[in-house]
4 protein chains.
Amino acid sequence: MVFDSKNAVAERRMRLPADTRREQLIAAAIRVLRSDVHGDKQINWVAAVVSEAGAAKGTFYRYFPSWESMLGVVRSRLLDDFHAPLRAALADDNPHDWLKLIVEQCERLVDDAFAYPVHHRMLFHYPLPGDSMDPEEMGTSILSRVLRAGTDAGEFHGITDCEATATLLLGGMHTVADTVLSRGERSRWVGEFARQVESIVRETPVNSAVAR
Amino acid sequence: MVFDSKNAVAERRMRLPADTRREQLIAAAIRVLRSDVHGDKQINWVAAVVSEAGAAKGTFYRYFPSWESMLGVVRSRLLDDFHAPLRAALADDNPHDWLKLIVEQCERLVDDAFAYPVHHRMLFHYPLPGDSMDPEEMGTSILSRVLRAGTDAGEFHGITDCEATATLLLGGMHTVADTVLSRGERSRWVGEFARQVESIVRETPVNSAVAR
Amino acid sequence: MVFDSKNAVAERRMRLPADTRREQLIAAAIRVLRSDVHGDKQINWVAAVVSEAGAAKGTFYRYFPSWESMLGVVRSRLLDDFHAPLRAALADDNPHDWLKLIVEQCERLVDDAFAYPVHHRMLFHYPLPGDSMDPEEMGTSILSRVLRAGTDAGEFHGITDCEATATLLLGGMHTVADTVLSRGERSRWVGEFARQVESIVRETPVNSAVAR
Amino acid sequence: MVFDSKNAVAERRMRLPADTRREQLIAAAIRVLRSDVHGDKQINWVAAVVSEAGAAKGTFYRYFPSWESMLGVVRSRLLDDFHAPLRAALADDNPHDWLKLIVEQCERLVDDAFAYPVHHRMLFHYPLPGDSMDPEEMGTSILSRVLRAGTDAGEFHGITDCEATATLLLGGMHTVADTVLSRGERSRWVGEFARQVESIVRETPVNSAVAR
DNA sequence: TATGAATGAGCCTTCATTCAT
DNA sequence: CATGAATGAAGGCTCATTCAT
């Protein structure tokens, strides 16, 4: 036989191990979210994803109870990636320029938002069902540990509530990303962010110099 | 027959000055947006607004080309209110505690978000059509002038790019509002915000103490 | 102008008084229910009705919250018609052959079921939502009054619980209709029904003959 | 590697004698139909049945061409059970109180309907495909023989068309069951049924008194 | 033979927007 | 100007049935 049915048409009804299919759908979802469908018109996300994955509508609902839940998975998946560098730095025992790491996080977020605006909006500016966990919790906790590490290393001073500081810092990164998205001038906003972070984490009370 | 059905209905057809009608609709929209029907359930927004305003569906579209555009108007209207205190302070010649004013702005946003979550979400976390102006631009410019005023008054130091600082500060307020919304602990987050702002606007280069 | 737009094409977006449109939809529903769509395949009833009525899907939902509710309206509408002869007989003061009237009711139901089987099935053999009123209540009450009238006229004897007797009689009519539907032999089953009814309403206690 | 994943799963693949499997599925279906999930909500019937039977979806379709056909089998199975008492009575040569047996049939149907409403609805008020045999045929024929037996025993009189009488009697039982289901008052409706049956099967022509 | 992942037509609405009156 | 009935594309999801393994 000359035509292998697999390569010929549609390759319909491909039977995949559950995990594989699931990954396929997640990957397709990320691709769809990133393929900025110019314009902000509502998209039938589920339809787009299954089409991209070469699956049928029903298949989607075998693996995810709703679009929202899929979004949750994608979100945490990408947040994991996003925070990987910080996690790595926290895991080894070498000294690090913690401030620089924080600013690089911001830059990474900015660049991602710039490359895939729809994606970014969907992931971070989509109303979550009220009872769902805060997707940023993880980010906050990692950033928290970074702040503590910096403090321990003597790089940071005056941080009293690491978690709170981290939360607002993360919010700041999003603000920068959104601003670059709508107004450009990447270096201007990233620069300002860097300056603010420095002020915040290197705070030296005016009188402390005297006290010493 | 002398009385026909047309007269019976006539009283519902109120002919109002265009501006009045428009204001009525906007006011009704704000009321509807605030009447948080507890939860994320879909609402027939347009229907709810015209019903609240005592107008007909078609009337809505006489004054606003679309629901989104109405949202835009409401947004800027409320942002106007939000920034009114700062504008007032900028307008008179008395001395002001500018830092305190900024923190109070944050508190106002937090409290509004807490009192009317749906309203807040609709106004700030609803995807705007890509070509629409940044609704925060105004806020940024006012905050910018506050920073400059504070600098002129000798209260703030080290701010080099007022507009950029203002932009991130505004973003910070939203972060705080969202955090309080999802995690409570109003005073914790507001306090952290206050501390960060202070660090940012009162930045004193380490050596400045010596300089004095 | 030669072509009146009304007669020309589609007559789209016809604006009708609410009552008229409602009636139109009900009439269309009855027509659709009667147009035995050969085969028992599920039909998208709402779609069929609006198409028949020349209206759009959304229009249906302006007038009825669901297909079930429309069915309820149609049902009571047709039950009204069905019971009209009995009501008429009860309303005038002339003597009547009540037994004959009852049998004629049965025949009318049979003939209707035979002429419009789907219609009949939908109206009487469609699971009603558990909390809905019994659609036969009205039929029962009318038949009840007929039994009492027959008793008062000395035509019927021995009926102790008119309502109960009426309920089962009505059920009997449906049984006959269903049987004719599936097995034919109209006169056989109607005849049997007539005989049974006669036994039931003319019950003469065995000893009564002696009493005479 | 000696153990492969195939062996791990192997135990789930139970190879059963075809008849056993079939019975398992039928039994499971009956259990599922009876486990009234309170209400009219849609159930994924096939899924529920195979899950209850511990089989796979595909297996279902090995034994039944469709859900409807399974329903048909269950129906006749339960009708068999339902009629067992009458069959038993017909089979032995002892004298019986035939009228009492008929009323007891009615009571059994009522109680079953009351205990398992969904079950009952599915079995008796579910539109059968037009070409399917009348599931009540069997019931009719048995009841017919009961009527004849009662007549032979001198208990019943005046029944001319046993089959027709039986058919309507069976219908009557269903009417009673449905009425009890929707209105309660079991004894009232069963009592009325008993009275009607008595009238019908003990009909004594007016002149019979003379004959005596 | 048994499995259960895959299918996809189809159902029941909803609601921003239009337009005949 | 005002009205509100009419529109219809979409959206989210189901589930009996099929078929690759």
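All values reported here derive from a predicted model rather than from experimental measurement. Naming convention: chains lettered A, B, ... in sequence-line order (proteins, then strands); numbering from 1 in each chain.
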Length of the CH2-C1' vector between B:W67 and E:dT17, whole Å: 14 Å

A:R21 (side chain) donor-acceptor with A:M14 (main chain) under 3.5 angstrom: yes

Rounded distance in Å - CZ (C:F64) to C1' (E:dC12): 16 Å

Non-hydrogen side-chain atoms of B:L33 and B:H120 separated by less than 4.5 Å: no

Closest listed nucleotide, where the reference is the side chain of D:K57 and the choices are E:dA6, F:dT3, F:dA6: E:dA6

Pair pattern of DNA chain E in dot-bracket, where unpaired bases get dots and | marks partners in another strand, Watson-Crick or G-U under 3.5 angstrom: .||||||||||||||||||||

Value in whole Å for how far the P atom of F:dC1 lies from CZ of B:R22: 13 Å

First encountered from the 5' end of DNA chain E, between D:F60 and A:T59: D:F60

Any side-chain heavy-atom pair of C:E23 and C:I26 under 4.5 Å: yes

Phosphate OP1/OP2 of F:dC1 contacted by B:Y63 side-chain N/O (<4.0 Å): no

Minimum-distance nucleotide to B:R62 side chain [options: F:dA5, F:dA2, F:dT17]: F:dA2

Rounded interatomic separation in angstrom, taking CG from D:L25 and C1' from E:dT3: 13 Å

Nearest-nucleotide pick for C:R15, side chain only, options being F:dG4, E:dC11, F:dT7: F:dG4

Earlier contact from the 5' end, DNA chain F, for D:V46 and A:V46: A:V46

Side-chain donor/acceptor of B:R22 to backbone N/O of B:Y63, under 3.5 Å: yes

B:W45 and its side-chain contact (heavy atoms from CB on, under 4.5 Å) partner, picked from B:L71, B:V50, B:V32: B:V32

Parallel, tilted or perpendicular: ring planes of C:F64 versus C:F60, cut at 30 and 60 degrees: tilted

Gap between atom CD of D:Q24 and atom OG1 of D:T59 - 0.5 Å precision: 10.0 Å

Side chain of D:Y61 (C-beta onward), nearest among F:dT17, F:dT7, E:dA2: F:dT17

Residue C:N44, side-chain atoms from C-beta onward, closest of F:dA2, E:dC12, E:dT3: E:dC12

Sugar-phosphate only, base, or nothing, as touched by C:A55 at under 4.0 Å among non-hydrogen atoms: sugar-phosphate

Under-4.0 Å side-chain N/O to phosphate OP1/OP2 contact, C:R21 with F:dA6: yes

Between C1' of E:dA6 and CD of A:Q24, the distance in whole Å: 12 Å

Listed nucleotide nearest any side-chain atom of C:A56, set F:dG8, E:dT7, F:dT3: F:dG8

Nearest-neighbour nucleotide for the B:W45 side chain, E:dA16, F:dT17, E:dA2 considered: E:dA16

